[in-house]
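Since the structure comes first, as structure tokens, the remarks are kept for the end.
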Amino acid sequence: MALGVLIGVMFASHQRMHPGETTLQGKMSEVMELVESEYVDSVDADSMAERLVGVMLSELDPHSTYLSARETERTAELMRGSFEGVGIVIHRDGDSSFVGQVMADGPSAGSGILPGDRIELVDGRAVTGMPSDTVVSWMRGRRGTTVELTLQRAGVAKPLVFKIRRGVVKHTTLLYHGMLDDTTGYILLNTFSNTSHDEFHDALKALKRKGMRHLIFDLRGNTGGSLAAAVGIAGELLPAGSLIVYTQGAHQRRQDVFAHSGGLFTTGGVTVLVDEGSASASEVVSGALQDNDRAVIVGRRTFGKGLVQREFELSDGSSVLLTTARYYTPSGRSIQRPYDHGTDEYYHDYLDQLVEESYADNPTVHITDSTPYHTAGGRVVYGGGGIVPDHLIPYRKDSSYIYYNKLASKGLISRVAFNEVKRHAGALLKRYADAESFCRSYSVPEGLLRKLSEAGVAEGIAADAKGMAAQRQLILTMLKAHIGNALYGNDAFYRVYLGEDQDLREARGVKIQIAKNKQTNRKK
């Protein structure tokens, strides 16, 4: 038997080997031919090819990846900053789908649909139990086409039927901008898409009209996106001729990118907020501003992604995001974290770093590359593992947050808030004309705190009167913020929430200290 197996293997090898053919393409073709012609069971060749491509790319670096045709389209949609649909955000609760928000200026705005309406049917198809992605796909479609939504509203006996003509819905990446005080502007950017630079430009213009002399630019949790958008945004803040970034790879010579003239805010003060979730394009902007001594970076060390991916579309509509270059900050830093031991180890190291820094008694970080680099003003900075802020904010370890964190991590605060929206959306929208009116005048009913505690008990979280009292103001703020978000969108949410944002409060303190130092230096 052993001899027979050996002869069979030798024969097959003799038939399929091509002397001297050692290319990757040749070897993969050989293996696929073997599987298709000799494997014991039938196989889905397309599915196997996709998995093989994914595995192969993951061996190169942690960020080269394969996208299916559907994933490619969704990525393109996010980068475009718009999609075609009805302009409704879906809120999932159990096996039911609700209208979580009616997007301002979207096709459903003014239709009479309210946040909190339960979606029963989409064009006659039952929604209950269907995945959110499926419900969304049923609602989306070419602009100009019509979709019929059957909704159930709390307190209304009969279902309500709405026919909505689909249109273009903007997917904005700049979640909020506004004035924190008479001279301090604030911009929160969620990701970098093709529209982000224009959104940032418009926000800067609006804030300057309101008297902004210092900008706090919030990039916390921003995982990146378009490098071109990052360059455009950095160029709005840097003087003409400033080096923003340069890229270089084995098949790409060095390319320097400079700020052009015409930046809207090149002389006022800038503070950039970052954290462990800020990556890629966020690090390009932070690194450019730090190396040019244009901004003070505040927060926690960023993720550390310094690889540039280029998208290559395949014939079936799928695509490959292939790393083609590294980017370097103006001082010459590569902030890419090491990935020599594979993708799994790469992410394990990241998690270990977070745990280590969260337990540290002082806000210091371990530098993985001790090579010193210098900013335009001569300050020493380091690469090899993200952008290290100029002013570090440690993880907060206050035990009084334990009960609040348990409730928030289970999604109970947002759930209780949304239940309030289900019951009272119509009345609240009549009472408060807009986000500003809501934020100024609405008070969270005391009964919601009791309902929140009861929801916690139902989820196995013991009632904690002391914990509730310790963070009462924060809990009330977050309930109000979530109610406002469902009714009026991001504008209401961030107007309410930012008042309790401790990292933002500390960043504002750093800004004040910088202003005092400048004043002292002028007197000297």
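For clarity, every value in this text was computed on a predicted model and none was experimentally measured. Counting begins at 1 with the first residue of the sequence.
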Relative to Y176, does R495 satisfy both conditions: NZ or CZ under 6.0 angstrom from the six-membered ring centre, and within 45 degrees of the ring's axis? no

Treating Q101 as the side-chain partner and A486 as the backbone partner, does any N or O pair qualify as donor plus acceptor under 3.5 Å? no

According to the interplanar angle, ranging from 0 to 90°, do the rings of H63 and F303 count as parallel (below 30°), tilted (30 to 60°) or perpendicular (above 60°)? perpendicular

Where is the tightest heavy-atom contact between G262 and E236, given as atom of each residue plus distance? O-OE1, 4.2 Å

Between E446 and R472, is there a side-chain N and carboxylate O pair less than 4.0 Å apart? yes

Applying the salt bridge (charged side-chain N to carboxylate O under 4.0 Å, His left out) test to D390, which of R294, R301, R379 qualifies? R379

Quick one: do D398 and R396 make a salt bridge, cutoff under 4.0 Å? no

Determine the interplanar angle of the Y494 and Y497 rings, folded into 0 to 90°, and report it as parallel if under 30°, tilted if 30 to 60°, perpendicular if over 60°. perpendicular

Is R140 atom CZ crowded by more than 12 heavy atoms from other residues, nucleotides or ligands, each under 6.0 Å away? yes

Assert yes or no for the condition that the ring centre distance of F217 to F200 is strictly below 6.0 Å. yes

Is R80 paired with E73 through a side-chain N to carboxylate O contact shorter than 4.0 Å? yes

Counting only heavy atoms not in R165, do more than 12 sit closer than 6.0 Å to its CZ atom? no

So that I can tick it off, tell me whether R300 and E276 are bridged by a salt bridge, with the cut-off set at under 4.0 angstrom between side-chain N and carboxylate O. yes

Decide if atom CZ of R505 counts as having more than 12 heavy atoms of other residues, nucleotides or ligands within a radius under 6.0 Å. yes

Under 6.0 Å from the CZ atom of R440, do we count more than 12 heavy atoms belonging to anything else shown? yes

Taking the cut-offs as 6.0 angstrom to the six-membered ring centre and 45 degrees off its axis, would you call K208 and F265 a cation-pi pair? no

Would you mind reporting whether L449 and M468 have side-chain heavy atoms less than 4.5 Å apart? yes

Are the side chain of T191 and the backbone N or O of G224 linked by a donor-acceptor pair below 3.5 Å? yes

Testing D501, D503, D181 for side chain to side chain donor-acceptor pair (under 3.5 Å) with R508, which one passes? D181

In terms of side-chain geometry, is the basic nitrogen of E459 or R415 positioned less than 4.0 Å from the acidic oxygen of its partner? yes

Quick check: does any side chain N or O of T173 sit under 3.5 Å from a backbone N or O of S193, one acting as donor and the other as acceptor? no

When you measure from the centre of the six-membered ring of Y346, is the NZ or CZ of R337 closer than 6.0 Å and no more than 45° off the axis? yes

